[in-house]
There are 2 protein chains.
Amino acid sequence: MDTTDKKLLGLLQTNASLTTKALSLKLNLSVTAVYERIKKLEREGTIEKYVALLNRSKIEMGFVVFCHLKLVQHTKEFVTKFENEVVKLKEVLECYHVSGDYDYILKIAVKDMEAYREFLVTKLTTLDHIGSTHSTFMISEVKYTTKIEL
Amino acid sequence: MDTTDKKLLGLLQTNASLTTKALSLKLNLSVTAVYERIKKLEREGTIEKYVALLNRSKIEMGFVVFCHLKLVQHTKEFVTKFENEVVKLKEVLECYHVSGDYDYILKIAVKDMEAYREFLVTKLTTLDHIGSTHSTFMISEVKYTTKIEL
DNA sequence: TCAAATTTAGAAAAAAAATCTACAAAATAA
DNA sequence: TTATTTTGTAGATTTTTTTTCTAAATTTGA
């Protein structure tokens with residue numbers, strides 16, 4: 001992983017539609033050289049996948065909530081059960097086990113407040129072993145990026 | 001935006017490398033039909049962009065922190081200033097203006113605790129108008145997806 | 001119902017990706 | 001140092017995919 005690879009990953013993280021030709025010009029390399037570097041990064045698993053990102057304002061999923069959540073207990077069984085269930089919920093975009101007052105931070109995207117209420121009552125709080133939840137509502141998205149600078 | 005478009009967006013959000021041919025088979029459409037639908041979704045801005053997602057465990061940026069932050073005041077000037085500055089910080093992957101006890105929730109990715117300390121002291125807390133911060137550390141990533149189910 | 005607009009399919013052309021061969025540079029071993 | 005292997009690169013060729021074009025089918029609106 002040299003400087004060229006890092007530049008390449010930076011470019012692909014910003015725009016994966018760039019052709020190897022375009023990348024070769026930006027990186028001052030031949031098309032083949034760029035191609036081989038990309039294939040290597042894919043093989044090694046550094047590049048996990050390529051995805052399309054949608055514009056949340058164009059689809060009806062602009063209501064974002066951060067839910068801080070506690071389990072009633074922290075036995076391995078309860079933790080595993082909760083984590084296996086929560087990943088299945090399509091409204092949950094991100095879920096992190098964290099330090100501090102709460103056990104988990106969840107990022108949830110739904111259509112509106114009513115959809116969130118529905119989600120909370122019929123899906124999230126019906127999961128086993130949930131102690132308490134605390135919802136924080138997004139007012140605006142100041143920054144959202146998938147690009148990790150190397 | 002019909003059911004076919006929703007299926008198409010679901011597929012592209014999961015794997016943007018699928019060829020129009022492969023998509024046409026999954027959707028029972030011709031290559032041209034798929035092609036035109038994709039171009040329309042791109043034109044309308046529903047599809048914002050295509051990006052490569054990296055495997056965080058393969059690069060040295062696995063230390064993730066959620067920073068809850070308050071401003072000293074909420075005048076338009078202070079808010080604008082803060083938001084303009086925070087988006088520039090490469091360590092900040094996500095930043096949301098939120099309701100509740102704190103004004104902002106930031107998701108920050110760095111190499112390790114030392115890098116986070118450095119970031120906090122030399123970058124984040126040197127921004128103007130910051131009241132208080134509260135850091136919550138990620139123990140594990142239970143779920144992370146960019147896919148919004150339609 | 002009819003006309004206009006949109007969507008679709010299939011074929012053809014253009015562009016890009018993938019493969020192949022060969023050469024050059026760098027790393028390793030004798 | 002020199003020979004040998006490995007790795008990375010370039011250019012040409014083949015294969016695949018994308019894009020364009022034409023025409024037919026379907027949907028939409030008056």
Side-chain angles (χ1 to χ4, degrees), chain A residues 1-62 90 111 145-150, chain B residues 1-62 90 111 145-150:
Chain A
M1 168 84 69
D2 59 10
T3 310
T4 304
D5 280 336
K6 288 179 183 175
K7 279 186 196 164
L8 180 54
L9 288 173
L11 291 166
L12 290 175
Q13 283 187 95
T14 304
N15 181 7
S17 301
L18 290 170
T19 63
T20 47
K21 173 73 180 166
L23 292 167
S24 73
L25 293 173
K26 284 177 191 286
L27 297 170
N28 281 101
L29 283 175
S30 72
V31 169
T32 310
V34 172
Y35 179 80
E36 290 301 332
R37 279 173 181 269
I38 292 173
K39 288 297 145 188
K40 190 177 177 192
L41 290 164
E42 289 173 358
R43 262 198 317 277
E44 292 170 347
T46 306
I47 295 177
E48 193 158 287
K49 57 178 174 178
Y50 299 93
V51 299
L53 297 184
L54 306 190
N55 185 335
R56 227 195 302 277
S57 71
K58 297 279 178 174
I59 56 181
E60 303 210 310
M61 284 292 166
K90 69 179 200 302
K111 191 184 165 199
T145 183
T146 56
K147 182 180 182 183
I148 301 163
E149 299 262 4
L150 301 174
Chain B
M1 168 85 70
D2 59 11
T3 310
T4 305
D5 279 336
K6 288 179 184 176
K7 279 186 197 166
L8 179 54
L9 288 173
L11 291 165
L12 290 174
Q13 283 187 95
T14 304
N15 181 8
S17 300
L18 290 170
T19 63
T20 47
K21 174 72 181 167
L23 292 167
S24 73
L25 294 174
K26 284 177 191 288
L27 298 170
N28 281 101
L29 282 174
S30 72
V31 168
T32 308
V34 172
Y35 179 79
E36 290 301 333
R37 278 174 182 268
I38 293 172
K39 288 298 145 187
K40 190 178 177 192
L41 290 164
E42 288 172 0
R43 262 199 317 277
E44 292 170 347
T46 306
I47 294 176
E48 193 158 288
K49 58 179 172 176
Y50 299 92
V51 300
L53 297 184
L54 306 190
N55 185 336
R56 226 194 303 275
S57 72
K58 298 276 178 176
I59 55 180
E60 303 211 309
M61 283 293 167
K90 69 179 201 299
K111 191 183 164 200
T145 183
T146 55
K147 181 179 181 182
I148 302 164
E149 298 261 5
L150 302 174

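Keep in mind that what you see is a predicted model, and the values were worked out from it rather than measured.
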- Task: Begin with the C-alpha distance, continue with both residues' side-chain angles, and end with the deciding distance and a verdict on side chain to side chain contact (heavy atoms under 4.5 Å, CB included) for Leu41(A) and Glu44(A).
- Result: CA-CA 5 Å; Leu41(A) 290 164; Glu44(A) 292 170 347; 4.2 Å; yes

- Item | Evaluation steps, side chain to side chain contact (heavy atoms under 4.5 Å, CB included), between Leu150(A) and Asp5(A) | CA-CA 10 Å; Leu150(A) 301 174; Asp5(A) 280 336; over 6 Å; no

- Message: Let's go through Val34(B) and Lys26(B) carefully: what are the C-alpha distance in whole Å and the side-chain angles of both, what is the deciding distance for side chain to side chain contact (heavy atoms under 4.5 Å, CB included) to 0.1 Å, and is it a yes or a no?
- Response: CA-CA 10 Å; Val34(B) 172; Lys26(B) 284 177 191 288; over 6 Å; no

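In this structure, Lys21(B) places its NZ atom 16 Å from C1' of dT19(D), rounding to the nearest Å. Following rounding to the nearest Å, Ile38(A) (CD1) and dA17(C) (P) show an atom-to-atom distance of 8 Å. Rounded to whole Å, atom C1' of dT6(C) lies 17 Å from atom CE of Met1(B). Leu23(B) places its CG atom 13 Å from the P atom of dT19(D), with the value rounded to the nearest Å. Distance, Tyr35(B) OH to dA14(C) P: 15 Å, rounded to whole Å. To the nearest angstrom, P of dC20(C) lies 14 Å from NZ of Lys39(A).
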Measure all distances between protein nitrogen or oxygen atoms and nitrogen or oxygen atoms of nucleotides 7-9 of chain C, and list the pairs falling under 3.5 Å.
{"from": "dT7(C)", "atom 1": "OP1", "to": "Lys40(B)", "atom 2": "NZ", "distance (Å)": "3.0"}
{"from": "dT8(C)", "atom 1": "OP1", "to": "Arg37(B)", "atom 2": "NE", "distance (Å)": "3.4"}
{"from": "dT8(C)", "atom 1": "OP1", "to": "Arg37(B)", "atom 2": "NH2", "distance (Å)": "2.7"}
{"from": "dT8(C)", "atom 1": "OP2", "to": "Arg37(B)", "atom 2": "NE", "distance (Å)": "3.3"}
{"from": "dA9(C)", "atom 1": "OP2", "to": "Ser30(B)", "atom 2": "N", "distance (Å)": "2.5"}
{"from": "dA9(C)", "atom 1": "OP2", "to": "Ser30(B)", "atom 2": "OG", "distance (Å)": "2.5"}
{"from": "dA9(C)", "atom 1": "O5'", "to": "Ser30(B)", "atom 2": "OG", "distance (Å)": "3.4"}

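Formation of a donor-acceptor pair under 3.5 Å by the Gln13(B) side chain with backbone atoms of Ile148(B) is found in this model.
Listed by residue number, there are no residues of residues 43-50 of chain B with a heavy-atom contact under 4.0 Å to DNA chain C.
Under 4.0 angstrom from either OP1 or OP2 of dT18(D) there lies at least one side-chain N or O belonging to Thr20(B).
Closest heavy-atom contact between Ser17(B) and Asn15(B): N-OD1, 2.9 Å. Counting all heavy atoms, side chain and backbone alike, Thr46(A) lies closest to Lys58(B) at CA-CB, 4.1 Å. Contact between Thr4(B) and Leu27(B) at its shortest, heavy atoms only, is O-CD2, 4.3 Å.
Looking at Lys39(A) and Glu36(A), no side-chain N of the basic residue comes within less than 4.0 Å of a carboxylate O on the acidic one, giving no salt bridge.
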